[in-house]
Amino acid sequence: MYFWAQVVGFIAVFFYLLGYLQRKRGYILLFNLTSRVLYILQYLMLGAFSGAVLDVAGALSTVFAQKKDAPWIKKHLGAVIIFVNVVIVAAGIYVMVISEDVFGFLPILGVMFHTNAFWIDDEKKIRRLSMIGSPFWLAYNFISSAYFSCVGDTLSMVSLGISMYRYDRKKSKGKD
């Protein structure tokens with residue numbers, strides 16, 4: 001089971017990294033959602049339940065963020081964002097308590113930064129906020145023995161850095 005968990009983690013990393021190399025918000029979200037489903041499977045295989053539950057919450061938040069222009073979400077955007085964040089924190093704390101996972105706060109912070117980034121329309125800000133969430137996932141993945149995910153987190157920070165240079169810094173330098 002451990003071997004297959006690592007394989008699933010490797011595939012999840014591939015989709016995650018590919019997402020941040022996309023130019024458009026919709027593609028970033030699609031690739032992120034695909035990788036989250038694979039990460040959930042990996043965490044379940046490893047018995048890392050905080051990661052699994054928080055990735056479920058993160059996936060749901062990503063779906064809501066993807067639909068943020070729907071009339072009912074647009075009308076209540078602030079309330080929806082607050083609700084999603086309360087669900088993430090509550091789910092994280094609940095799993096931390098029942099599984100006695102003292103490191104469960106790490107994926108709570110990681111998923112909060114990553115998913116809150118998706119409510120933003122500016123791709124530059126999406127990449128910046130996502131960069132902040134990555135070290136929390138890196139630490140949790142190391143503790144949970146999700147080693148390909150650790151590699152993925154490291155590569156995602158590199159990928160985000162490249163994307164920030166390629167799409168954000170390079171573009172703004174050309175305008176000066």
**Q** Can any side-chain N or O of Glu100 pair as donor or acceptor with the backbone N or O of Met96 at less than 3.5 Å?
**A**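 No, the answer is negative, given that no donor and acceptor are paired below the 3.5 Å cut-off.
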**Q** Can you find a heavy atom in the side chain of Lys68 that is under 4.5 Å from one in the side chain of Asp121?
**A**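 A side-chain contact exists here, since the closest heavy-atom pair is under 4.5 Å.
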**Q** Assess the residue pair Tyr2 and Tyr147 against the criterion (side-chain contact (heavy atoms from CB on, under 4.5 Å)); give the C-alpha distance rounded to whole Å, side-chain angles, the decisive distance to 0.1 Å, and a yes or no.
**A** CA-CA 11 Å; Tyr2 176 80; Tyr147 298 120; 3.1 Å; yes
**Q** Which heavy atom of Ser61 sits nearest to which heavy atom of Val84, and what is that distance?
**A**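 The pair with the smallest heavy-atom distance is OG-CG1, 3.1 Å.
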**Q** Starting from the C-alpha separation in whole Å, work towards a yes-or-no answer on side-chain contact (heavy atoms from CB on, under 4.5 Å) for Leu129 and Ile132.
**A** CA-CA 5 Å; Leu129 198 52; Ile132 296 169; 4.1 Å; yes
**Q** Look at the side-chain heavy atoms of Ile, Leu, Val, Met, Phe, Trp and Tyr, link any pair under 4.5 Å apart, and say whether Phe31 and Ile162 land in one connected group.
**A**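 In one cluster with Phe31: Ile162, no.
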**Q** Between Ser130 and His114, which heavy-atom pair has the shortest distance, and what is it?
**A**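 In this case the closest contact between Ser130 and His114 is O-NE2, 3.0 Å.
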**Q** I want to check something: taking the side chain as every heavy atom from C-beta on, are Ile126 and Phe118 in contact at a cut-off of under 4.5 Å?
**A**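 Yes. Closest side-chain heavy atoms under 4.5 Å.
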**Q** With the side chain counted from C-beta on, respond yes when Ser50 and Phe105 share a heavy-atom pair under 4.5 Å apart, and no when they do not.
**A**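 No. Closest side-chain heavy atoms not under 4.5 Å.
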**Q** Would you name the heavy atoms of Ala139 and Leu106 that are closest together and state the gap between them?
**A**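 Closest approach of Ala139 to Leu106, heavy atoms only: CB-CD1, 3.9 Å.
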**Q** Could you tell me the separation between the OH atom of Tyr27 and the CG atom of Leu29, rounded to the nearest 0.5 Å?
**A**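 Result: 12.0 Å between the selected atoms.
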**Q** Could you tell me whether the side chain of Glu123 and the main chain of Gln22 form a donor-acceptor pair under 3.5 Å?
**A**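 Checking the backbone N and O of Gln22 against the side chain of Glu123, no donor-acceptor pair under 3.5 Å is found.
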**Q** Without hydrogens or angle criteria, can the side chains of Ser134 and Asp153 be said to hold a donor-acceptor pair below 3.5 Å?
**A**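 Checked: Ser134/Asp153 side chains show no N/O donor-acceptor pair below 3.5 Å.
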**Q** To check you understand the geometry: which heavy-atom pair defines the closest contact between Gly161 and Met131, and what is its length?
**A**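 Minimum heavy-atom separation between Gly161 and Met131: N-CE, 3.7 Å.
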**Q** Side chains of Tyr39 and Ser149, heavy atoms from C-beta outward: is any pair under 4.5 Å?
**A**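 A side-chain contact under 4.5 Å exists here.
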**Q** Within this structure, what is the CZ-CD1 distance for the pair Phe148 and Ile11, rounded to the nearest 0.5 Å?
**A**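 It comes to 10.5 Å.
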**Q** For residues Ile28 and Gly19, report the shortest heavy-atom separation together with the two atoms involved.
**A**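 Smallest heavy-atom distance, with atoms named: CG1-O, 3.3 Å.
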**Q** Less than 4.5 Å apart, side chain to side chain, heavy atoms only: is that true for Arg36 and Val111?
**A**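 Heavy-atom side-chain distance check passes, below 4.5 Å.
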**Q** Hey, is Asp168 close enough to Arg128 for a salt bridge, meaning N to O under 4.0 Å?
**A**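 Arg128 and Asp168: not salt-bridged.
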**Q** Quick one: are Val37 and Leu41 in side-chain contact, heavy atoms under 4.5 Å?
**A**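 A side-chain contact under 4.5 Å is absent here.
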**Q** Taking C-beta and beyond as the side chain, do Leu138 and Phe142 meet within less than 4.5 Å on heavy atoms?
**A**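 They are not in side-chain contact.
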**Q** Grab the two heavy atoms, one from Ala91 and one from Val53, that are nearest each other, plus how far apart they are.
**A**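 Shortest heavy-atom separation between Ala91 and Val53 comes out as CB-CG1, 3.9 Å.
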**Q** Please report the interatomic distance OG(Ser156) to OH(Tyr16), rounded to the nearest 0.5 Å.
**A**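 The OH atom of Tyr16 is 4.0 Å from OG of Ser156, to the nearest 0.5 Å.
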**Q** If we only count heavy atoms from C-beta on, is the Val95 to Asp101 side-chain gap below 4.5 Å?
**A**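 When only atoms from C-beta onward are counted, Asp101 and Val95 do not touch, as no gap falls below 4.5 Å.
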**Q** With distance as the sole criterion, is a donor-acceptor pair present between the side chains of Tyr43 and Asn141 under 3.5 Å?
**A**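 A pair is found: one side chain offers a donor N or O, the other an acceptor, under 3.5 Å apart.
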